[in-house]
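Since the structure comes first, as structure tokens, the remarks are kept for the end.
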Amino acid sequence: MNLPIRVRLTAAYVLTAAVLTTIGAVVFGQSVHIGLDHRLDEQLRSRADRLAGQLARDGPDSVHSQTPLTSDILIGLIDPNGRLARSSPALGGTELLDAGQISTARHTGGYLSVGAGPDYRVYATAAPRPDGVWVAFVATPLLVQNELSASVTEALVGAAAAVVVLGGVGAWFLAGVALRPVERLRREVSSIPEGDPDARVRVPATGDEIAALADTMNNLLARIAGGIAHQRQFVADASHEVRTPLANLRTALELAGRPGHSADELRDAVHHAEHEAIRLGHIVDDLLVLAAMDDKVPLDLLPDQPVGPLLADALTAARPAADLRSVTLRAICDPGLVAAMHPGQIRQVLDNLLNNAVRHTPPGSDVVLTAAVEQDNLVITATDEGPGFPAGFAEAAFERFRRADPARSNGGGSGLGLAVVRAVAKAHGGDAVGANRQSGGAIVRVWIPHRATS
């Protein structure tokens, strides 16, 4: 059952207070009872010892058994034959001790509780005389002590109940006061308009946990706003990139549909439309990959996938474009190299690496694709002999829709290739970086764990 925090805090306090006050009341009540017993026993023993001494020294006739009617101390003498020889009038001749208790008193003495209630607390002790061993005892009714213990118990129960009730009321109001800033924060968050990504909640100047919560919430809102801005920019950039090939494709098809064109002109228009359709397909594929990475779609990593065939297939696919630019493609890979990966995604990484390298390397130069294991990582590198990355652009090259020359929108790539490379590498648990070679040209390194991590 879901209960408000205020109710749960109050219930927890009431339960804790009830348990603690009950334990305290029991301990205190027992302490009072034990203290009364100890004080009473000391009085009984002291009086019984004096009585036994007087009896042994001066005889039973020296003992005056008349005690005040209001006195709680009663005395009695038992002769060597076990008969009650003298006792306080309040006892009315009642023999409190039986034969066994009298025998025990003659030998060791001690405290006794007698009666059905028990009704009396007794201390009996021996008093040796020439005519035999007498027993002197002092008794007191337990009614007064029991009433006092009951009164203490009732007072403790009442006090404990009052503490629990008043504490529960106080806990209810205290929890309300403590949770009031949280409720205010909740209302502020719920009132933030959907179309206002820059809205923030007020951070109190208390410097406490509520202020920390408000600050954390503002950081979260800032991250959400940044994500929304990023998505909006992504959609705008994607729309811009898709619009160009679509416009070119539509123009080519419209020109091809007009009468009066020769077969060669129609062939050129169809070829141009095919080129734009392929370009559009590459952009869509890259956007789908990036969308999947943004949505944290898990990759199905297959163990022991051969790396060499993937490199060979990527070189075969890139060779027509490389031949048009007189660029030589080479691959370096151990034939038995295997790794845990998603082959389709890694193939897209290889295609993007080669496409980017071929596009930027001059005619007559080489593009080399290598794969090797370094420190438990599969490292794939693509090197070219082009101009390399512009100064300060190596890291920015992996951002989406980033180009060294923004004006190169037609034929210069979509600016998604290296972004896809990094996204796929991170989805595998790795990363990608770019740098310039000392001998000239660029190098892009991609690494992923060689073996699947559990």
Side-chain angles (χ1 to χ4, degrees), residues 21-160:
T21 52
T22 299
I23 294 174
V26 171
V27 172
F28 184 76
Q30 289 296 321
S31 299
V32 171
H33 186 73
I34 292 173
L36 290 174
D37 286 347
H38 181 73
R39 183 171 178 273
L40 180 61
D41 287 348
E42 288 295 327
Q43 291 178 348
L44 294 177
R45 181 171 182 172
S46 176
R47 182 69 181 273
D49 287 342
R50 292 198 306 270
L51 181 62
Q54 182 181 355
L55 174 62
R57 184 178 62 253
D58 301 328
D61 293 336
S62 66
V63 177
H64 180 59
S65 61
Q66 295 293 332
T67 56
L69 293 177
T70 58
S71 175
D72 294 330
I73 301 298
L74 308 174
I75 65 172
L77 304 178
I78 299 175
D79 64 19
N81 297 321
R83 294 190 300 271
L84 182 64
R86 185 170 295 180
S87 65
S88 298
L91 288 175
T94 302
E95 297 185 359
L96 296 181
L97 306 182
D98 58 24
Q101 293 170 333
I102 294 173
S103 176
T104 300
R106 284 197 176 102
H107 291 87
T108 60
Y111 298 101
L112 300 169
S113 296
V114 299
D119 300 324
Y120 295 92
R121 181 69 170 170
V122 179
Y123 186 85
T125 185
R129 282 188 52 76
D131 58 347
V133 179
W134 286 65
V135 173
F137 69 84
V138 178
T140 185
L142 294 178
L143 178 62
V144 175
Q145 184 179 357
N146 292 338
E147 289 179 349
L148 179 58
S149 297
S151 299
V152 171
T153 302
E154 291 177 1
L156 290 176
V157 170

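Keep in mind the model is a prediction, meaning the values are calculated, not measured.
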Short question: side chain of [X], backbone of [Y] - any donor-acceptor pair under 3.5 Å?
{"X": "N81", "Y": "R83", "answer": "no"}
{"X": "R129", "Y": "W134", "answer": "no"}
{"X": "T108", "Y": "T104", "answer": "yes"}
{"X": "S103", "Y": "G100", "answer": "no"}
{"X": "S46", "Y": "E42", "answer": "no"}
{"X": "Q43", "Y": "L40", "answer": "no"}
{"X": "R47", "Y": "V138", "answer": "no"}

State the [atom1]-[atom2] distance between [X] and [Y], to the nearest 0.5 angstrom.
{"X": "L96", "Y": "S113", "atom1": "CG", "atom2": "OG", "value": "11.5 Å"}
{"X": "D98", "Y": "Q101", "atom1": "CG", "atom2": "CD", "value": "4.0 Å"}
{"X": "F137", "Y": "L77", "atom1": "CZ", "atom2": "CG", "value": "7.5 Å"}
{"X": "R121", "Y": "L142", "atom1": "CZ", "atom2": "CG", "value": "8.0 Å"}
{"X": "L84", "Y": "L91", "atom1": "CG", "atom2": "CG", "value": "7.5 Å"}

Which atom of [X] lies closest to which atom of [Y], heavy atoms considered:
{"X": "V135", "Y": "A105", "result": "CG1-CB, 3.9 Å"}
{"X": "D61", "Y": "R86", "result": "OD1-NH2, 3.5 Å"}
{"X": "A126", "Y": "A52", "result": "O-CB, 3.9 Å"}
{"X": "D58", "Y": "S62", "result": "CB-OG, 3.2 Å"}

Would you say the side chain of [Y] lies within less than 4.5 Å of the side chain of [X], judging by non-hydrogen atoms?
{"X": "R45", "Y": "Y111", "value": "yes"}
{"X": "L55", "Y": "L51", "value": "no"}
{"X": "Y120", "Y": "L74", "value": "yes"}
{"X": "I73", "Y": "L44", "value": "yes"}
{"X": "D41", "Y": "H38", "value": "no"}
{"X": "V114", "Y": "E95", "value": "no"}

